[in-house]
Amino acid sequence: MGEPFRVGLTRDFLNAEGRIGWGDIGLAALDEAEGVEWDFLPDAGTGEIPPGAVAGYDALLVLLPRVTAETLRGADRLRLVARFGVGYDNVDVAACTEAGVVVTITPDGVRGPVAVSALTMLLAVAHKVRQKDALVRTGRWHDKLDHMGVGPAGKTLGLVGWGNIGREVTRLCAPLGMRQLAADPYADAAAATAAGVGLVDLDTLLAESDFVVVTCALTPETHHLLDAVRIARMKPAAYLVNVARGPIVDQKALTAALAERAIAGAALDVFETEPPDPADPLLALDNVLLAPHAIAWTDELALGNGRSAIAAVLDVAAGRAPAHPVNPAALDHPRFRSMRKAAH
Ligand SMILES: NC(=O)c1ccc[n+]([C@@H]2O[C@H](COP(=O)([O-])OP(=O)(O)OC[C@H]3O[C@@H](n4cnc5c(N)ncnc54)[C@H](O)[C@@H]3O)[C@@H](O)[C@H]2O)c1
């Protein structure tokens, strides 16, 4: 038998009791794989994984610690950094590509859970779940007629961004009887037509939607895409849901619009600064529903992300290309190619 394929998990997967804080992330597949061994790296908090810690590993399964050019120094065996999730700002991708290390993410793991979360927030804020919960707890049962909700049927849903998650929101919402619009300059027009989604420009979407759901990527182009001017184009009865990234929405402008009731309400899983300042006036408003960038944290997300990341590990261990590389150029790096040959 040759050398085992060694996988290092960042230690932040463990909670204070020393168990995987996410529950089942599908590690059984690593236990069952022949010739694969795994253990935890030394604690790096959310800081940089030090170079010595990675020597001797073929693959890393990474949550929050940073993988930098320094981390890769002397990591001669390393071929894969599998990120648990779809964000990878904690990984120096250019340094990985140069070193022949493939970086993967788990879009198939987040797709369903984040789309379900967008729908959860949309329905919860429009049905006034927070307010109705408070009515029961504070003995105001009979005030319920003052808190009528808004149902989805016959309303217009506007998706700002129609990618992995946006398309899944479309699929989930299809039975709810909503007209669907999307604003995404890069979306596949034929796929949108086939899904019954009208691709429109952002201003049209904002003017016509009863529910605006932000599911686009955060890029220099989408930073403050929803600013004061754009928010002012929304209907006074409309709701805004953001499960994408905080800085896509100008949070001060949104707070002002909510305070003036220029729009009906908002549901936010993400913020411009996370966590937000406890004194932020947004937090005092009664027409917002908030979550700590964790509305999608469910058993389904944990297992989905884990399975996807572990599939990448097992693919690379077997000399196959993983399904979701962010730097496919690394697959052609001579070091990665020689490792693939050795696996066959
Ligand atoms: N809340 C969470 O826990 C959570 C979890 C996973 C992902 N996310 C976020 O959700 C968002 C969507 O993720 P995804 O997996 O669907 O990504 P994706 O890359 O598949 O889709 C993003 C879409 O944004 C579109 N886009 C880019 N520029 C745009 C613009 N100017 N206007 C409109 N659309 C534009 C792209 O064309 C693409 O279709 C991302 O911001 C991601 O970071 C949040």
Side-chain angles (χ1 to χ4, degrees), residues 22 63-64 83-91 93 103-122 124 157-173 180-192 195 197-206 209 212-227 230 233 240-250 266-272 274-276 289-306 308-309 323-326 328:
W22 291 81
L63 200 49
L64 297 177
R83 237 307 275 161
F84 183 93
V86 290
Y88 49 92
D89 28 350
N90 57 330
V91 180
V93 177
V103 180
T104 57
I105 54 173
T106 59
D108 44 344
V110 301
R111 181 184 304 133
V114 180
V116 168
S117 298
L119 184 55
T120 301
M121 291 199 105
L122 183 159
L157 168 67
L159 293 158
V160 181
W162 203 63
N164 181 41
I165 293 167
R167 289 193 300 268
E168 184 66 8
V169 174
T170 285
R171 207 182 61 79
L172 290 173
C173 289
Q180 293 205 30
L181 301 176
D184 184 333
Y186 312 104
D188 179 342
V197 172
L199 270 187
V200 294
D201 62 72
L202 183 57
D203 286 345
T204 304
L205 180 142
L206 294 171
S209 297
V212 174
V213 179
V214 183
T215 51
C216 65
L218 173 62
T219 65
E221 189 192 4
T222 63
H223 183 268
H224 281 193
L225 185 65
L226 297 184
D227 58 7
R230 290 253 168 67
R233 295 195 204 287
L240 177 74
V241 178
N242 188 4
V243 292
R245 285 292 180 264
I248 299 166
V249 178
D250 179 339
L268 307 172
D269 186 40
V270 289
F271 302 86
E272 285 212 64
E274 294 182 1
L289 178 68
L290 308 172
H293 201 149
I295 190 70
W297 286 23
T298 60
D299 57 340
E300 193 185 331
L301 179 85
L303 192 55
N305 275 349
S308 175
H324 304 293
V326 296

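Note that ligands are numbered from 1 as they come in the structure, with each ligand's atoms numbered from 1 the same way.
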Counting only nitrogen or oxygen atoms and a 3.5 angstrom limit, does [X] reach ligand 1?
{"X": "Cys216", "value": "yes"}
{"X": "Asn164", "value": "yes"}
{"X": "Ala187", "value": "no"}
{"X": "Asp269", "value": "yes"}

(message) Would you say that Leu122 contacts Leu157 through its side chain, given a criterion of any heavy-atom pair below 4.5 Å between the two side chains?
(response)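 When only atoms from C-beta onward are counted, Leu157 and Leu122 do touch, with a gap below 4.5 Å.
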(message) Below 4.0 Å, non-hydrogen atoms only: which portion of His293 touches ligand 1? Side chain, backbone, both or neither.
(response)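 Looking at His293 and ligand 1, just side chain atoms fall under 4.0 Å.
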Starting from [atom], what is the nearest protein heavy atom, named by residue and atom, and what distance separates them?
{"atom": "atom 6 (C) of ligand 1", "result": "Val86 CG2, 3.5 Å"}
{"atom": "atom 38 (C) of ligand 1", "result": "Asp184 OD2, 3.4 Å"}
{"atom": "atom 22 (C) of ligand 1", "result": "Ala217 N, 3.6 Å"}
{"atom": "atom 16 (O) of ligand 1", "result": "Ile165 N, 2.8 Å"}
{"atom": "atom 5 (C) of ligand 1", "result": "Val114 CG2, 3.4 Å"}
{"atom": "atom 12 (C) of ligand 1", "result": "Thr215 O, 3.4 Å"}
{"atom": "atom 43 (O) of ligand 1", "result": "Arg245 CZ, 3.2 Å"}
{"atom": "atom 33 (C) of ligand 1", "result": "Ala183 O, 3.3 Å"}

(request) Check each atom of ligand 1 against the heavy atoms of Tyr186 and keep those under 4.0 Å away; list them by number with element. (result)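 With Tyr186 as reference, the close atoms of ligand 1 come out as 27 (C), 28 (N), 37 (O).
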(request) Just jot down the ligand 1 atoms closer than 4.0 angstrom to any heavy atom of Thr222, in number order. (result)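 Listed by number with element, the hits are 28 (N), 29 (C), 30 (C), 31 (N).
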Check if [X] has a non-hydrogen atom at a distance under 4.0 Å from any atom of ligand 1.
{"X": "Gly87", "result": "no"}
{"X": "Pro185", "result": "yes"}
{"X": "Val243", "result": "yes"}

(message) Please give me the minimum heavy-atom distance between Asp201 and Ala183, naming the atom from each residue.
(response)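 Closest approach of Asp201 to Ala183, heavy atoms only: C-CB, 4.2 Å.
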(message) Please tell me if atom 19 (O) of ligand 1 is touched by the protein, where touching means a protein heavy-atom distance below 4.0 Å.
(response)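 Answer no: nothing from the protein, no heavy atom, is under 4.0 Å.
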(request) Look only at the side chain of Thr215 and the backbone of Gly161, and say whether a donor-acceptor pair between them is shorter than 3.5 Å. (result)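 Present.
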(request) Measure the NE2-CZ distance between His324 and Arg83 for me, rounded to the nearest 0.5 Å. (result)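 His324 NE2 to Arg83 CZ: 15.0 Å, rounded to 0.5 Å.
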